[in-house]
Amino acid sequence: MSILVVEELGKTYSGFQAVRNVSFALEAGEMLALIGPNGAGKSTCFNMIDGQLAPTTGRIAIFGKSTAGMTPGDIWRLGVGRTFQVAATFASMTVAENVQMALISHHAARWLTLRWAARRHVAEAEHLLDLVGMADQGQRSCGELAYGDLKRLELAIALANDPKLLLMDEPAAGMAPRERHAVMDLTARIARQRGIGVLFTEHDMDVVFGHADRVLVLNRGTLIAEGAPHAVRANAEVQAVYLGAGSLYRAHT
Ligand code: ADP
Ligand code: MG
């Protein structure tokens with residue numbers, strides 16, 4: 001069974017149709033890229049899938065359950081992780097405390113005070129930080145982290161919810177090309193290890209084509225191509241769409 005099924009999804013913003021009749025499915029352990037020029041409707045799709053926006057038309061099912069009427073919190077509790085274009089962490093806390101907070105939320109012990117939080121889930125937080133290559137940075141304050149490390153921390157925080165579906169809207173935005181590849185390598189490795197299905201979008205086409213198992217192309221709200229990276233890259237309509245925005249073979253941000 002597909003972990004995410006999107007059927008005839010549409011979103012209209014006060015008369016403007018941003019997403020139109022989008023259908024696709026995502027399997028466990030799969031890295032699926034949703035790409036398209038600025039304004040194509042990618043973020044709108046992410047926001048409907050994670051519950052921040054109600055679809056105007058169509059259906060979304062996650063792990064076989066319709067998400068109609070669910071809040072982002074309901075969907076997160078199904079086992080859905082989300083990272084954001086702008087990293088969301090608590091700057092005043094240490095790296096390890098941020099992950100512990102996420103673990104506490106996951107274990108639904110929200111009544112605990114922060115003082116207790118510091119002692120809860122220490123080993124589990126260390127394990128997650130080790131997974132993203134930040135084992136030695138747990139005691140640093142988040143406010144002093146380099147941008148790439150913040151993004152890796154954000155991934156650890158998303159993993160604290162033990163997600164089986166991970167939604168990443170431009171996870172590597174603002175990073176240098178080498179860092180982009182490193183973050184996506186890490187994501188792909190963890191996703192395969194844990195059987196997590198990942199839906200991601202990314203501006204850097206080398207990163208997309210290097211890490212996606214399958215690629216969906218959105219243009220003006222409509223899916224215009226779907227398939228293996230090499231086939232999508234060779235697709236004439238896709239190339240035409242990207243001609244104005246920049247070559248498919250070079251980064252454009
Ligand atoms: P992408 O993430 O692919 O760049 P978006 O989903 O952010 O695209 O936007 C798709 C289209 O919908 C754009 O034309 C954008 O201007 C429009 N749009 C996005 N959010 C809103 C909103 N809240 N109200 C009105 N129009 C919006
Ligand atoms: Mg966007």
Side-chain angles (χ1 to χ4, degrees), residues 1-86 88 158 161 163-171 173 187 191 195-203 205 208 211-229 231-232 235 237-238 240-242 245:
M1 186 189 66
S2 304
I3 58 174
L4 169 66
V5 178
V6 169
E7 286 177 309
E8 295 167 15
L9 194 62
K11 180 70 189 179
T12 303
Y13 295 112
S14 45
F16 173 74
Q17 192 152 21
V19 171
R20 186 188 303 260
N21 202 27
V22 165
S23 301
F24 65 89
L26 170 64
E27 311 304 319
E30 184 181 31
M31 295 281 291
L32 178 62
L34 177 63
I35 67 168
N38 270 335
K42 304 179 297 294
S43 291
T44 300
C45 285
F46 275 92
N47 293 340
M48 288 191 281
I49 295 166
D50 87 349
Q52 290 185 70
L53 273 181
T56 309
T57 59
R59 295 164 296 284
I60 298 167
I62 297 178
F63 314 130
K65 281 200 187 81
S66 165
T67 61
M70 286 192 187
T71 65
D74 295 335
I75 291 172
W76 180 80
R77 277 185 287 276
L78 288 178
V80 178
R82 164 101 205 235
T83 67
F84 297 86
Q85 194 163 337
V86 177
N161 188 34
K164 288 295 172 243
L165 170 61
L166 199 50
L167 305 171
M168 305 178 91
D169 189 357
E170 301 198 33
T187 302
I196 302 171
V198 180
L199 180 68
F200 72 103
T201 186
E202 163 61 39
H203 271 299
M205 289 303 131
V208 169
H211 293 93
D213 296 314
R214 194 155 55 94
V215 180
L216 304 167
V217 186
L218 204 54
N219 187 38
R220 299 181 188 204
T222 302
L223 279 185
I224 58 164
E226 170 179 359
V232 164
N235 180 298
E237 193 180 353
V238 174
V241 161
Y242 272 91

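None of the values given here were measured: they were computed from a predicted structure.
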(Q) Surrounding CZ of Arg220 (heavy atoms of other residues, nucleotides or ligands, distance under 6.0 Å), is the total greater than 12? (A) no
Q) Under the criterion side chain to side chain contact (heavy atoms under 4.5 Å, CB included), which of Ile75, Asp50, Leu9 is the partner of Ile60? A) Leu9
Q) Side chains of Arg82 and Asn161: do they bring a donor and an acceptor to under 3.5 Å? A) no
Q) Counting distance only, does the side-chain N/O of Thr201 pair as donor-acceptor with the main-chain N or O of Leu34 below 3.5 Å? A) yes
Q. Can Thr44 and Tyr13 be counted as having a side-chain donor-acceptor contact under 3.5 angstrom?
A. yes
**Q.** Polar contact flag, side-chain donor to acceptor under 3.5 angstrom, Asp169-Ser43
**A.** yes
Q. Is it the case that Glu237 and Asn235 place a side-chain donor and acceptor less than 3.5 Å from each other?
A. no
Q: Check Leu165, Asp213, Leu167, Leu166 against Val198 for a side chain to side chain contact (heavy atoms under 4.5 Å, CB included) and give me the one that passes.
A: Leu166
Q.
Between Ser2 and Glu27, do the side chains contain a donor N or O and an acceptor N or O under 3.5 Å apart?
A. yes
**Q.** Option passing side chain to side chain contact (heavy atoms under 4.5 Å, CB included) with Leu223 (candidates Val6, Val217, Leu216)
**A.** Leu216
Q | Expected output: side-chain Ser66 to main-chain Ala61 donor-acceptor under 3.5 Å | A | no
Q.
Could you check whether Thr71 and Asp74, counting side-chain N and O atoms only, form a donor-acceptor pair closer than 3.5 Å?
A. yes
**Q.** Check: Lys11 side chain, Ala54 main-chain N or O, donor-acceptor pair, under 3.5 Å
**A.** yes
Q) When rounded to the nearest 0.5 angstrom, what distance separates CD1 in Ile62 from CD1 in Ile3? A) 9.0 Å
